[in-house]
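As structure tokens, the structure follows; a few thoughts come after it.
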Amino acid sequence: MCSFVAGLMPFPDVILQFERTCRSASESIRYAATGKLRMAEDKLMQQKAQLLLDEAASWSLLWYLYGKANDDLPEELFVLPTTSHQEACRYVATDHTAQLCLRIVLWLEGLASEGLDLEKKVRGSHVGSYLPSSGVWHRTQRYLKRQHNDSNIVKHVDFDAPTREGAQLLLDDKKQDELLLEDIWTLLRAGRLEEACELCRSAGQAWRAATLCPFGGIDMFPSLEAMLRNGKARTLQAIELESGIGRQWRLWKWASYCASEKIAEHDGGRYEMAVYALQCSNLKRTLPICTDWESACWAMTKSWLDVQVDLELSQYQTSRPEEKQYDDDMNGTQPMLSSVGPENWPYLVLDQQPRDIAALLQKLHSSDLVHETVSRACREQHRQIEMNLMSGNVAHLLDLLWSWVSPSVEDHNVSSPLRSRDDPEMIRFGAHIVLVMRYLFSEEMEDEFEEKLVTVGDLIINMYVRYLFSEQQEELVGVYASQLERDVCIDLFVEMMELRLNSSLHTMYKLFLSAVEYLPFSSGDVSKACFEEIIERVLSRSRETKPNKYSEDFSDVAERHHLQALHKAMVIQWLCFTPPSSIPGFQMITGKLLMRALMHSNTLFREFSLISMRRVSELPIGPHKLLAILAEPLKQKENFSLEDQEISDNLQEFEDWHEYYSLDATYRGWLRCEMENSSVPPEMLSAEEKDQAVAAATQTLELAFLLLHREERPWLNAVETSPFESSELVFLELHATAILCLPSGECMPPDATSCTALTSALYSTVSEEEVLHRQLKVDVKVSSKDPCCIEVALRCVATEGDGFGLHEANDGGLLAAIMAAGFKGELNRFQPGVSMEISRLDAWYSDGHGSVENTAAYIIRGLCRRCCLPETILRSMQASISLSEAGNSLDHCDKLIELVASSDSGMIHLFSQQQLQEFLIFERECFICKMELEEEQIPTDG
């Protein structure tokens, strides 16, 4: 099904495209349904085809009502004096009600005409396929030649004989006549007047063609098309110069009325009666054969249109002043006249006509004249849509559409028994209707209607987008989602991106393209959604604490906590796709996405590093997944402006983290070798296995020294100049979401008591004097979303070197020192060994009212240095001792000891007390290993 893309084509073309697509699809289905299929399948396909035809009909109506151009009548075709037909065309072109009726009639005739063409194409049938002269009553002629004497049978075979003699044709001729008139009716119903007249002539009834198309065969329908077909034919002008404008017109109408009534009186053919009743708006004789909604609506609307034209032309009969009262009579203000004749036209049929479009539709619903199938059809969904379009009640149409597609079941009054709720075809159609209506009424909406078109329209479009998404049609969702209000669009895309996070890269890329192609990348209009906002929301939500509920078993909490890191890492994939080169600013967008990926990755790397402290062989999945995603995109350095300081700093930090996690992976690989080797008796170990462990330890130390020994720039440099002056009142804040972990690695569920104890323990990490001087505030509480998580908030006043001026200490300052004690599990007044494993970590500058002024990344980088560098040194000592036990040199140990002891490195103050104690233990082990090696090297006395 075709997609609506605002701005790609003019409005009328959009509607025509919808209609043609629906009709094309329905034709294909009908072709298939005529094949050799099982009956059930055939019926299902026919229903599908009918649904598409119904939709095509509604689009066609919309085009006739709003898309069809109302061209000016060509002045060069007018003759002087003008004819009644030209005046009729002029009236219809300028009168709103008459123009509406004209468009509805043209629409319904167009549908019927297309239906004839489709029926001929699919089934091969052809209306009007008669033998020449089949309408000259051959059987009756032969009967009369045999000189039969039957008073019920006509004595002559001229066309007026049945009426004049009050007799009948032979039954076979009468049936043949009725079949002919049925086809004539079908052609008139399809607006094919010329074909109907030709059919009459080919059947030998040229007289009947003259009754259908009087005045020299010109088309009397009051449309521009008819006027163009007629050209400057002067037959009607000549007639009316003698009798006056509209006189012959009225005489023809009156004669048709008399014919229809006479045929009915003598129980003539029902189609013959309807054909002549149609010419004179005699609805009580026309409607009995209209057994479907479209035919009944067409007959009523055409009748009403003709009467409006007749009333307009009546003003030209100045010699008959009583006729000037007809317009008032139509409104019920004058008594009925008893006289019957052409001079009273169209008074004879006024009472059969509706007063307005609402009355016309009401007649379709409940008039005694319409067939029950017509009244029943008024309750069908597509008929309700069309009737609302005809009446211009778009607000009610929107309510109907939403009531049909809404997943709720509260309102049963307007739902149709023919289609169920959540019908994808109706959802699709409703979404397209909303888009077209917004396009159509964009500049002339009242506030109340505009609000409904926005609110209800968004609900319908939102539902269609969700349907497309559920059908894996991600490439289309942007077409429609981009038409939603800003917040709705953003929320919807965020939800879809989160749901597709575990899908294939191909599927994710389809959704990415759908967003980046149909939404602006960034927007200065706060009312419009943009891709940049969607990405920011996706990134932000990926770091939020997800609502969780647990049973009494908390054994998998830590594992689940680690899996969230994988989810956060995978979100970066949305930033690593390459936009199509066809969109404006392709190069700029690519660079911005990669830059944002770099910045967000560094944020995640900081958090991941603080949950990767345990010395186990399993790789932390979050950071290594992140590195794998970024590996290829970050090779495109041409998309970066390296002269930009922010970009340069972020690239440098990324390289630092890449180096750190490479070391981390190597260390864990060595641990894995050690664990595997330790499970085997020493004498059973092969030389290859021993060499593998030595190589892994050696590589770990080499990478560690590359990270630790830097001459130009320390690893993860946290030296930063504050953007604030010391004269301002500025606060520093550090907020963390974490779980409490026991030494075994299992989660310790928090409660109010443990939160209070943790608060006190965090306060105790600094002196009381420092607490007062820096106005330190610590708040710990159980997360409202995840009962296994705690939320820790630290706040203090900025001071010189920590919030003001240059932060030279390179350790994150006071807040980083406090939080590091929690992460390392070294809080004096808390349960021994219990540590915090981070889930989210943010730091910023704030004012006195708590409003965020700027990020304070130096605090988190300093915190990472406090945790990662001591741990890296301890791991290196561990690997060095392992090498010494294997007979290797202890030079690495000596270098590490020198590094920690050096005042220039600043490493010593990053260690906590327990880490120093562990370092000293390693140092002692190194010393013992060194002594043992020296003893082994002293030659023994012979």
Side-chain angles (χ1 to χ4, degrees), residues 1-4 15 17-30 32-33 40-62 111 293-294 376-389 393-438 452-453 455-477 479-481 483-484 488 492 496:
M1 192 55 60
C2 65
S3 304
F4 176 93
I15 301 179
Q17 183 68 14
F18 283 138
E19 180 198 358
R20 289 167 183 164
T21 304
C22 291
R23 289 200 177 278
S24 176
S26 67
E27 282 191 37
S28 300
I29 293 173
R30 288 204 171 189
E41 292 178 349
D42 183 78
K43 184 176 180 181
L44 182 64
M45 295 184 75
Q46 291 289 359
Q47 289 175 346
K48 178 72 172 177
Q50 188 57 51
L51 288 177
L52 288 170
L53 282 174
D54 291 342
E55 182 176 340
S58 297
W59 285 119
S60 178
L61 172 61
L62 198 60
L111 292 183
W293 185 91
E294 289 179 359
R376 189 162 56 247
C378 289
R379 297 191 293 272
E380 296 175 0
Q381 285 182 335
H382 65 285
R383 298 305 179 201
Q384 293 187 50
I385 291 169
E386 290 160 358
M387 290 188 289
N388 276 279
L389 288 174
N393 195 349
V394 179
H396 185 246
L397 173 59
L398 291 172
D399 288 335
L400 278 178
L401 289 171
W402 176 239
S403 70
W404 292 332
V405 304
S406 169
S408 67
V409 291
E410 297 174 357
D411 184 8
H412 298 277
N413 297 326
V414 294
S415 61
S416 168
L418 301 181
R419 296 184 191 171
S420 63
R421 289 174 183 270
D422 303 327
D423 179 0
E425 298 298 329
M426 181 55 70
I427 295 173
R428 173 182 51 76
F429 175 73
H432 289 154
I433 281 287
V434 168
L435 294 177
V436 170
M437 287 301 170
R438 287 181 177 179
K452 175 159 289 189
L453 196 53
T455 55
V456 178
D458 272 6
L459 290 172
I460 296 171
I461 296 173
N462 191 326
M463 180 163 287
Y464 184 49
V465 173
R466 292 177 182 276
Y467 167 74
L468 290 173
F469 183 75
S470 69
E471 294 293 309
Q472 286 78 49
Q473 297 187 47
E474 291 85 1
E475 66 278 6
L476 290 179
V477 299
V479 180
Y480 301 93
Q483 306 296 321
L484 296 169
V488 179
L492 185 56
M496 291 189 293

Could you pull out the closest heavy-atom pair between [X] and [Y], with the gap in Å?
X	Y	answer
Ala431	Ile460	N-CG2, 3.5 Å
Ala481	Leu492	CB-CD2, 4.4 Å
Met426	Gln381	CE-OE1, 3.2 Å
Arg466	Asn462	NE-OD1, 2.8 Å
Ile433	Leu401	CG2-CD1, 3.9 Å
Leu398	Val456	O-CG1, 3.5 Å

Does some side-chain heavy atom of [Y] sit less than 4.5 Å from a side-chain heavy atom of [X]?
X	Y	result
Val477	Gln473	no
Ile385	Leu397	yes
Leu62	Met437	yes

Of Phe469, Tyr467, Tyr464, which is the lone residue that meets ring pair (Phe, Tyr, Trp, His ring centres under 6.0 Å) with Tyr480?
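Exactly one option meets the ring pair (Phe, Tyr, Trp, His ring centres under 6.0 Å) with Tyr480, and it is Tyr464.
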From [X] [atom1] over to [Y] [atom2], what is the distance, rounded to the nearest 0.5 angstrom?
X	Y	atom1	atom2	answer
Leu476	Arg428	CG	CZ	11.5 Å
Asp54	Trp59	CG	CH2	14.0 Å
Gln384	Leu389	CD	CG	12.0 Å
Leu53	His382	CG	NE2	9.5 Å

Please report the C-alpha distance between Lys452 and Asp399 in whole Å, then the side-chain angles of each, then the deciding distance to 0.1 Å, and finally whether the side chain to side chain contact (heavy atoms under 4.5 Å, CB included) criterion is met.
CA-CA 9 Å; Lys452 175 159 289 189; Asp399 288 335; 2.7 Å; yes
Applying the side chain to side chain contact (heavy atoms under 4.5 Å, CB included) test to Trp293, which of Arg376, Glu386, Glu380 qualifies?
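Only match with Trp293 under side chain to side chain contact (heavy atoms under 4.5 Å, CB included): Glu386.
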